[in-house]
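For reference, the structure discussed in these notes is given below.
Order of the sequence lines fixes the chain letters, A, B, ..., with proteins taken first and strands second; residue numbering starts at 1 for each chain.
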Number of protein chains: 2
Amino acid sequence: MGVVMSNHPTPDELREALAADNPSAKTKRDLIEAALYHFGHEGYAGTSTRSIAQTAKTNIASIAYHFDGKAGLKRACVNFIAMALGDVLSVIMEKKLADIEHLSPEDARDKIMEMIDRMITFTQTNQRAELVIGFMLKEVLHSPEEIETLYHLIFEPLMDRVTVLFSRATGQPVSSDELKLAIFAMIGQLLYIRLARPLVLKRMNWQSVGPEELEQIKSVLHRSINALLDDLSKGQKDA
Amino acid sequence: MGVVMSNHPTPDELREALAADNPSAKTKRDLIEAALYHFGHEGYAGTSTRSIAQTAKTNIASIAYHFDGKAGLKRACVNFIAMALGDVLSVIMEKKLADIEHLSPEDARDKIMEMIDRMITFTQTNQRAELVIGFMLKEVLHSPEEIETLYHLIFEPLMDRVTVLFSRATGQPVSSDELKLAIFAMIGQLLYIRLARPLVLKRMNWQSVGPEELEQIKSVLHRSINALLDDLSKGQKDA
DNA sequence: ATAATTCAATCAATCGATTGATTTAATGTG
DNA sequence: CACATTAAATCAATCGATTGATTGAATTAT
């Protein structure tokens, strides 16, 4: 009987489990990586456990042994994404919440722009970003349970920080619905321009998104989001 | 042997074929509608032909008979979407290209805002919009051939019109890369706020998106896009 | 009556899961 | 250290269930 990975490991538990130097941890890493690749490209239902095992260079039975089946492997992928995304975002938003609560509007805006820069770079250039986005779009967004996982582990903490930054930069209260929705609008710009890459390449007559194209994207989104911040700041400076 | 529907009917051919009052056309309509429902919710691979047939209240064999198999039904769905989306967009952007090429900046901006309004209403309230978005996200975006279909039938004509409007409203040339990317940013805001609805509801503490919430969304996106247009207009008025 | 359409039944192929044997790693003992 | 014992992990083979497709007969529309 295999020792199946806990269904809901914290990101830290997961990190520890996968970092170990034993055959079990390596196989788990290989399986998650392979599963993420196939799930991201062909979707969960469109991926066979055989192809996952083949990519991971192990036997089909390993999936049941280590993850209690295909569904368990999918859960592990969600947790892995939560972990990996948490790492990326902790780099992107290194400061503690307390540290950003008293920034000047100018400093807050600088921080926002720095954050956007890093997010664009990550989504547009990171290899795994494509898989993660594909996987989340195809599978996670329609699965209430997994949305719950990612919402609390990743999305809400991120949004809380960004909201504080937006609040400092615009003078609007953190509780403002307008502010919250504006942040969705901002994230939408970032993600869509990555997600719709096939359309972007066609429309822009680009062969790929290299350093030059990356700068063009950053430039436009900078302007767009700065304009948004300017507008949100209107009539709020005295608050 | 069944008379299989042409693989690449134009939207008009498709409309005519589906509008007919014979048993064949009705079964085709039912099958496409059922397939769109299942493909949009569970994905192509995750949908069995049996469940499609059951929803459409017909026999499995009808799929092969009318569409030459599951893959053919998927193609028909893409074409159907192209048709339906073309209808919606023709209402949203009724004017001919020539009619908008000489609008004043103010009139152009009004037209843009009117268009955005209608797009938000459609994406946020139309029943089928959810299916279409789900289907395109899960299946079409990773299928080069079907991207080709939708790009030329829907996306490019739409973008061309919007680009002209943006050009008139901002003074920037229609060939401007900045303008084209800004339009992607605008569409990204629209789509993401619909696509990420589960996250939006959680974050905003909304139970659903009713008339009140719709107005809030419109208000924020109006401000955001107006700010973007203002910024793009800077230093271009004299051009 | 002739063609068009639908149907139940069945096909081979593939799916995820499981089995029991086998191999590899870890641990204990002298 | 060498060797034995146990536990952990992997393997080929196989399971029943489900998949998309097909068939030829039955039904319906023209």
Side-chain angles (χ1 to χ4, degrees), chain A residues 1-7 16-36 38-39 41-77 139 143, chain B residues 1-7 16-39 41-77 138-139 143:
Chain A
M1 183 65 72
V3 178
V4 167
M5 183 177 284
S6 162
N7 278 344
E16 195 175 348
L18 293 183
D21 184 26
N22 51 50
S24 176
K26 169 165 170 46
T27 302
K28 283 177 180 171
R29 282 195 303 270
D30 291 347
L31 277 174
I32 288 177
E33 182 139 3
L36 212 49
H38 286 285
F39 290 163
H41 280 98
E42 300 124 35
Y44 176 76
T47 300
S48 72
T49 52
R50 284 168 176 79
S51 65
I52 296 174
Q54 191 176 16
T55 301
K57 288 176 186 154
T58 182
N59 190 274
I60 321 173
S62 300
I63 296 172
Y65 181 80
H66 288 288
F67 299 101
D68 202 24
K70 189 186 184 185
L73 179 52
K74 179 185 175 182
R75 281 191 297 271
C77 284
E139 310 303 332
S143 167
Chain B
M1 182 66 71
V3 177
V4 167
M5 183 177 283
S6 162
N7 278 342
E16 193 175 349
L18 293 183
D21 183 27
N22 51 49
S24 176
K26 170 167 171 42
T27 303
K28 283 177 182 173
R29 283 195 304 270
D30 291 346
L31 278 174
I32 289 178
E33 183 140 0
L36 211 50
Y37 177 85
H38 287 285
F39 291 163
H41 280 98
E42 300 124 33
Y44 176 76
T47 300
S48 73
T49 51
R50 282 169 177 79
S51 64
I52 296 175
Q54 191 174 17
T55 302
K57 291 177 182 150
T58 182
N59 192 271
I60 324 173
S62 299
I63 296 171
Y65 181 79
H66 288 288
F67 298 101
D68 201 23
K70 189 186 183 185
L73 179 52
K74 179 185 174 182
R75 281 192 298 269
C77 284
K138 286 179 200 292
E139 309 303 331
S143 169

**Atom-pair distance (CD on Glu42(A); C1' on dC15(C)), nearest Å** = 15 Å
**Prompt:** Rounding to a whole Å, what distance do you find between Tyr65(B):OH and dA21(D):P?
**Reply:** 17 Å
**Asked** Please walk me through it: do Ile32(A) and Leu18(A) pass side-chain contact (heavy atoms from CB on, under 4.5 Å)?
**Response** CA-CA 10 Å; Ile32(A) 288 177; Leu18(A) 293 183; 4.1 Å; yes
**Request:** Measure the distance from CD on Gln54(B) to C1' on dT18(D) and round it to the nearest whole Å.
**Result:** 15 Å
**Request:** Could you pick out which residue, Thr58(B) or Ala61(A), lies toward the 5' side of DNA chain C when each is mapped onto its nearest nucleotide?
**Result:** Thr58(B)
**Asked** Any chance CD of Glu42(A) has more than 12 other-residue heavy atoms, nucleotides or ligands included, within less than 6.0 Å?
**Response** yes
**Item:** From dG16(C), dG20(D), dA8(D), nucleotide with atom closest to Thr49(B) side chain
**Value:** dG20(D)
**Message:** Within the 4.0 Å heavy-atom criterion, would you say Ser51(B) contacts the bases, only the backbone, or no part of the nucleic acid?
**Reply:** nothing
**Asked** How many Å lie between NZ on Lys70(B) and C1' on dA21(D), as a whole number?
**Response** 12 Å
**Asked** Given atom CG of Asp68(A) and atom P of dG16(C), what is their separation to the nearest angstrom?
**Response** 15 Å
**Asked** Tell me: CG of Leu31(A) to P of dA17(C), nearest whole Å?
**Response** 13 Å
**Prompt:** Can a side chain N or O of Asn59(B) be found less than 4.0 Å away from OP1 or OP2 on dA8(C)?
**Reply:** yes
**Prompt:** Is the NZ or CZ atom of Lys70(A) both under 6.0 Å from the centre of the six-membered ring of Tyr44(A) and within 45° of that ring's axis?
**Reply:** yes
**Asked** Start at the 5' end of DNA chain D and walk down; is the nucleotide closest to Ala71(B) or to Asn22(B) reached first?
**Response** Ala71(B)
**Request:** Give a yes/no on whether any side-chain N or O of Thr27(A) is located under 4.0 angstrom from OP1 or OP2 of dT10(D).
**Result:** yes
**Prompt:** If we only count heavy atoms from C-beta on, is the Arg75(B) to Phe67(B) side-chain gap below 4.5 Å?
**Reply:** no
**Asked** Can you find a side chain N or O atom of Ser24(A) that sits less than 4.0 Å from OP1 or OP2 on dA8(D)?
**Response** no
**Complete:** Atom NZ of Lys74(A) and atom P of dA17(C) are separated, to the nearest Å, by 13 Å
**Minimum-distance nucleotide to His66(B) side chain [options: dG20(D), dT6(C), dT18(C)]** = dT6(C)
**Request:** Apply side-chain contact (heavy atoms from CB on, under 4.5 Å) to Asp30(A) and Thr58(A), showing your working.
**Result:** CA-CA 9 Å; Asp30(A) 291 347; Thr58(A) 182; over 6 Å; no
**Prompt:** Which whole-number value in Å describes the distance from Ile60(B) CD1 to dT23(D) P?
**Reply:** 15 Å
